[in-house]
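Have a look at the structure below before the remarks.
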Amino acid sequence: MNVRVRFAPSPTGYLHIGGARTALFNWLYARHTGGTFILRIEDTDTARNTQEATDVILHGLRWLGLDWDEGPATPDPKGASKGDCGPYFQSQRNDIYRKRIEELRDKGMAYEHEGAIKFKMGRDAVVIPDLVVGDVRRELTDREAVDPDFVIVRSDGQPVFHFVNVVDDLEMKITHVIRGEDHLTNTAKHIAMFRAFGVEAPKYAHIPLILNPDGTKMSKRDLGASLQTYVDEGFDPAAVVNYLSLLGWSPKENREKMPIEEIVQRFDLPQILRHNARFDMTKLQWLDGEYLRELPDDKFQTMAADAFRSAGVALDKFPASYVSAAIATCKGKVKRFSELPAYAGFYFADDVKIDPAVAATDFTLDNLARLKKFRDALDALSDFNASTIEQTIKATAKELGVKLGLLIHPTRLACTGSTSGPSLYHLMEVIGKPTVMKRLDSVLVAA
RNA sequence: GACCCUAUGGUCUAGCGGUUAGGACACCUCCCUUUCACGGAGGUAGCCCGGGUUCGAUUCCCGGUAGGGUCGCCA
């Protein structure tokens with residue numbers, strides 16, 4: 001059987017991290033089985049759904065690298081698409097829904113009620129065969145027992161989610177529905193409709209939800225709920241995908257950090273977990289740091305430059321060789337690109353800002369006297385590079401009979417405005433002798 | 001209120017009747033080191049509770065409890 005799975009988001013203006021994870025699991029299953037991954041836009045709420053909102057989804061999936069085999073090519077519902085089961089926007093499929101409604105009415109499975117159309121639901125328990133949690137026997141709730149039938153077309157003529165979802169899965173020949181566990185109990189309704197249409201329901205796999213660190217439901221406003229957060233924060237999409245794949249799924253042999261090819265190869269439905277997972281931003285950041293450290297130099301350079309520019313740093317005022325030398329000293333040091341402006345902004349600033357409190361402890365009279373000696377020794381240097389700087393500072397420290405740290409810390413603070421940063425010797429070489437002298441002097445003069 | 005799912009350190013998880021309960025993140029200590037980061041060596045910390053079944057339960061069953069989900073003319 002050729003596997004056909006789909007991701008069917010509603011364009012709400014943002015892509016929820018849980019939605020991204022659902023998309024990922026569907027994509028992984030399609031790639032693992034050699035099946036087809038379909039993107040369908042559930043834009044039945046015409047007032048709220050805009051092309052911009054659809055674009056957010058398209059961009060989000062592309063950023064994650066989740067390419068779809070069938071679905072929209074553009075955010076325009078009437079625009080181009082790929083695949084034979086279109087249109088892939090529900091707003092364009094009204095004729096199909098109308099025919100299916102007629103079919104149900106002809107079969108006596110649907111009827112009009114106060115202007116709306118309702119589906120005739122049985123009263124018996126429905127067994128939902130689920131690939132993740134096993135057979136689930138779903139009884140009617142007390143409210144449903146009063147009236148098990150439910151609306152499938154609103155009185156304004158718009159078909160509702162449960163109905164269009166089933167019709168589209170049927171028409172698009174979906175074989176496996178991989179979706180959030182929040183849909184589990186409603187699956188009874190879906191199965192009943194598939195039966196009413198006289199076809200077999202697809203296989204279901206309800207995956208656990210992603211919760212906040214405190215165990216509550218992750219909603220739009222919660223930290224990290226929107227995929228855009230990770231784009232803005234400069235995360236590596238490969239790291240985000242890797243982390244997401246580990247939420248609710250566990251590969252064998254304690255594998256965690258894996259290339260996407262390995263995730264695809266290992267991913268399968270039986271290993272999906274049954275319990276919800278809490279989102280751990282700290283672990284994502286760790287994983288992202290691992291990816292960042294292993295990034296090829298050229299990619300690191302372009303992504304770092306982007307991070308500086310989007311933070312408003314005018315890199316273009318500096319020679320390309322200077323920019324790339326500056327960025328090179330940050331490789332392997334920062335965990336995220338978003339840290340870069342704070343970490344290495346001193347490379348691109350006219351003056352460094354020094355916290356008065358920190359200055360008070362580091363720029364003591366004794367330290368400044370030593371700093372002056374080091375400054376003069378540097379001044380005499382004709383060849384100003386990391387190696388000669390290191391030799392000079394070590395010689396000065398020896399001459400003064402003090403620990404290296406007593407020279408290094410004030411020097412770093414004067415040159416960068418921070419107590420931590422890239423390798424001091426290399427950073428000094430990059431900013432160059434004139435700037436180093438200027439910054440040291442400004443500290444010495446102020447004292 | 002009813003119905004459904006779930007339950008291993010703070011977090012993500014391995015485990016599928018007998019284990020010194022394994023790994024990862026985080027945290028702590030030490031080492032390395034020009035700061036930070038990385039790396040290396042250690043460490044603290046866990047099977048929700050109560051009944052069964054069994055020679056033996058983290059593991060199987062039942063009941064609690066707790067968390068999550070659903071019961072819309074939202075998706």
Side-chain angles (χ1 to χ4, degrees), chain A residues 8-12 19 42-45 48-49 90 113-118 125 128 130 132-134 136-146 148 150-162 164-165 180-189 206 208-211 213-217 243 246-257 271 273-287 289-290 292-293 330-335 339 343 386 389-390 393-394 397 403-405 407-409 411-413 416 418-428:
Chain A
S10 180
T12 58
E42 308 221 333
D43 59 340
T44 50
D45 190 342
R48 199 164 50 154
N49 300 146
Q90 288 185 335
H113 178 76
E114 293 182 4
I117 295 173
K118 294 181 86 171
I128 303 161
D130 190 275
V132 174
V133 290
V136 174
R137 186 183 165 83
R138 167 74 220 273
E139 308 270 359
L140 258 40
T141 67
D142 53 357
R143 288 179 205 205
E144 289 167 337
V146 175
F150 55 93
V151 170
I152 52 177
V153 181
R154 296 182 243 173
S155 50
D156 66 3
Q158 275 295 323
V160 307
F161 164 78
H162 294 301
V164 294
N165 198 263
E181 197 210 77
D182 49 339
H183 290 289
L184 179 57
T185 50
N186 277 329
T187 303
K189 293 175 182 168
H206 288 92
L209 269 22
I210 298 177
L211 271 26
D214 66 359
T216 56
K217 185 180 183 180
Y243 177 71
L246 260 18
L247 246 33
W249 171 72
S250 180
K252 295 298 176 193
E253 294 149 10
N254 283 329
R255 294 291 290 153
E256 287 204 319
K257 181 171 178 291
Q271 287 99 286
L273 302 164
R274 292 131 299 238
H275 56 270
N276 296 341
R278 300 180 190 207
F279 193 86
D280 186 356
M281 183 65 89
T282 308
K283 186 151 184 177
L284 204 207
Q285 286 173 349
W286 163 77
L287 195 57
E290 294 286 302
L292 198 152
R293 200 170 304 114
C330 304
K331 180 94 189 285
K333 307 287 261 179
V334 290
K335 280 190 172 180
E339 295 171 7
Y343 185 81
I389 292 165
E390 180 174 359
I393 199 166
K394 283 183 172 166
K403 281 174 138 179
L404 204 47
L407 276 178
I408 281 173
H409 296 304
T411 304
R412 173 184 296 284
L413 189 60
T416 72
S418 170
T419 53
S420 72
S423 161
L424 180 65
Y425 314 138
H426 293 89
L427 126 213
M428 287 170 77

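All values below come from the heavy atoms of this structure, side chains included, with hydrogens, waters and symmetry mates left out. Within every chain, numbering begins at 1; the chains are lettered A, B, ... in the order of the sequence lines, protein sequences first and strands thereafter. For clarity, every value in this text was computed on a predicted model and none was experimentally measured.
- Residue A/Ser423 places no side-chain N or O under 4.0 Å from the OP1 or OP2 atom of B/C36.
- Summarising the geometry, the separation between CD on A/Gln158 and C1' on B/G72 is reported as 16 Å, rounded to the nearest angstrom.
- Here B/A66 sits opposite B/U6 as a Watson-Crick or G-U wobble pair (both hydrogen-bonding atom distances under 3.5 Å).
- Pairing partner, B/G39: B/C31, with both Watson-Crick or wobble hydrogen-bond distances short of 3.5 Å.
- Here A/Glu339 pairs with nothing under the side-chain hydrogen bond (donor to acceptor under 3.5 Å, both in side chains) rule; sequence neighbours left out.
- One can place OH of A/Tyr425 at 6 Å from P of B/U34, the figure rounded to the nearest angstrom.
- Note on A/His409: only backbone sugar-phosphate atoms sit closer than 4.0 angstrom, heavy atoms only; bases stay farther off.
- At the heavy-atom level, A/Leu424 lies under 4.0 Å from base atoms of the strands shown.
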- What does nucleotides 22-31 of chain B look like as a protein-contact string, B for base, S for sugar-phosphate only, - for none, at under 4.0 angstrom between heavy atoms? BBBSS-----
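- With sequence neighbours left out, A/His409 forms a side-chain hydrogen bond (donor to acceptor under 3.5 Å, both in side chains) with no residue at all.
- Remark: B/C16 base-pairs with no nucleotide; criterion is Watson-Crick or G-U wobble with both hydrogen-bond distances under 3.5 Å.
- Here the nucleotide nearest the side chain of A/Lys252, chosen from B/G15, B/A75, B/C4, is B/G15.
- Here B/C60 sits opposite B/G52 as a Watson-Crick or G-U wobble pair (both hydrogen-bonding atom distances under 3.5 Å).
- Among the heavy atoms of the strands lying under 4.0 Å from A/Gly421 is at least one base atom, whether or not backbone atoms are also near.
- Across all strands, A/Lys217 comes closer than 4.0 Å only to sugar-phosphate atoms, never to a base (heavy-atom distances).
- In summary, the aromatic rings of A/His113 and A/Phe150 are positioned with their centroids too far apart to meet the 6.0 Å limit.
- Nucleic acid contact for A/Arg143: base, since at least one base atom lies under 4.0 Å from a heavy atom of the residue.
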